[in-house]
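Computed from heavy atoms alone, side chains included, the values below leave out hydrogens, waters and symmetry copies.
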Amino acid sequence: MISLLLLVLLVELGAHFVNTVGAATINNLLWNLYLALPTQTSKQAAEKQKLQKEYLTIRRDLNATSSQDQFAKWAKLRRQHDKQLEQLEKMKSSHEASKAKFDSTVNILRWLATTGLKFLLPFWYAKQPMFWLPQGWFPYYVEWILSFPRAPVGSVSIASWQTACTGVVLLFSDTITAILGLIVGAKIAEKQPAAEKGPIPKSREARNKKDS
């Protein structure tokens, strides 16, 4: 079974990942993965995509057909166009309803796995020490603060451990972001062509030849 120390750290990592990437981006990624599975929703999405291609083809043919010179063909294409447009609107509404239901479910699960656990774990394990401090290494007030709110004095409480995990995750995130920014900036500087420095003026070029 996963240790409580590691669980708190993973929850903090997950919460920071969601805040950094964004809930909408994660929802879209999970939705695309869900559509890749053999489900009824993915089947409906494939049918919608197929119908949309057929609709665009008929619409292109309709626009290319004259309603005066080729009225019979134009009227037939018009009926097919209106029929497929109505079907496409219905399938689009159904697809959007499925997406909204999926997003709602994912939002609830994500909240329970991140924010919910961040509140539940400190409440449920408030009296359980994460680990014990070496005896006599710290003053009493430091031991009391680290054991706050209800862990035994001389130990580190889950609230203190959670705060420490949050700080470490933010520190590593900022460090990685800064390193990546330096690497990208260095690569962009290397790719700048030498021509951007501008050609040597003719007067300066002639002066250099004269001096030589």
Starting from the C-alpha separation in whole Å, work towards a yes-or-no answer on side-chain contact (heavy atoms from CB on, under 4.5 Å) for Leu170 and Glu12.
CA-CA 10 Å; Leu170 290 175; Glu12 292 299 325; over 6 Å; no
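- In plain terms, the two heavy atoms of Val8 and Cys165 that are nearest each other are CG1-SG, 4.4 Å.
- Using modelled atom types, no side-chain atom of Ser173 and backbone atom of Val169 make a donor-acceptor pair closer than 3.5 Å.
- Aromatic ring orientation, Tyr55 versus His81: tilted (interplanar angle from 30° to 60°).
- Thr25 and Val21 make their closest contact through OG1-O, 3.5 Å (heavy atoms, listed as atom of the first residue, atom of the second, distance).
- Here the side chains of Ile26 and Phe17 are in contact, with some heavy-atom distance below 4.5 Å.
- Two residues are said to be in side-chain contact when any heavy atoms from C-beta on lie closer than 4.5 Å; Leu77 and Arg60 fail this criterion.
- Cluster membership check: Leu13 does not share its hydrophobic cluster with Trp111, using side-chain heavy-atom separations under 4.5 Å among Ile, Leu, Val, Met, Phe, Trp and Tyr.
- For Asn107 and Arg110, the side-chain atoms include at least one donor-acceptor pair closer than 3.5 Å.
- Closest non-hydrogen pair, Ala151 versus Ser155, comes out as CB-OG, 3.7 Å.
- Surrounding CZ of Phe71 are at most 12 heavy atoms belonging to other residues, nucleotides or ligands under 6.0 Å away.
- Side-chain atoms of Leu4 and Leu7, non-hydrogen and from C-beta on, do get closer than 4.5 Å to each other.
- Of the possible polar contacts, one joining the Ser157 side chain to the Phe148 backbone as a donor-acceptor pair under 3.5 Å is found.
- Within the 4.5 Å cutoff, the side chain of Glu143 has no heavy atoms near those of the Leu146 side chain.
- Closest heavy-atom contact between Gln70 and Thr65: OE1-CG2, 3.6 Å.
- Within the 3.5 Å criterion, the main-chain N or O of Gln162 finds a donor-acceptor partner in the side chain of Thr166.
- Under the 4.5 Å side-chain criterion, counting only non-hydrogen atoms from C-beta, Lys187 is not in contact with Val184.
- Minimum interatomic distance between Ala45 and Leu35 (heavy atoms only, all atoms of both residues): CB-CD2, 4.1 Å.
- The hydrophobic clustering, which links ILVMFWY residues whose side-chain heavy atoms are closer than 4.5 Å, places Phe119 and Val11 apart.
- Between the side chain of Trp161 and the backbone N or O of Val156 there is no donor-acceptor pair closer than 3.5 Å.
- The minimum heavy-atom distance linking Gly154 with Trp132 is given by the pair O-CE3, 3.5 Å.
- Trp31 has its side chain within reach of Thr41: a pair of non-hydrogen atoms, C-beta onward, lies under 4.5 Å apart.
- Of the options Lys83, Lys90, Gln84, Glu89, a side chain to side chain contact (heavy atoms under 4.5 Å, CB included) to Glu86 is made by Lys90 and by none of the others.
- Inter-residue side-chain proximity for Trp144 and Tyr140 is flagged as met; some heavy-atom pair is nearer than 4.5 Å.
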Does the pair Leu30 and Phe102 meet the rule for a side-chain contact (heavy atoms from CB on, under 4.5 Å), with working shown?
CA-CA 9 Å; Leu30 294 177; Phe102 178 85; 3.9 Å; yes
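- For the pair Lys48 and Gln44, the minimum side-chain heavy-atom distance is 4.5 Å or more.
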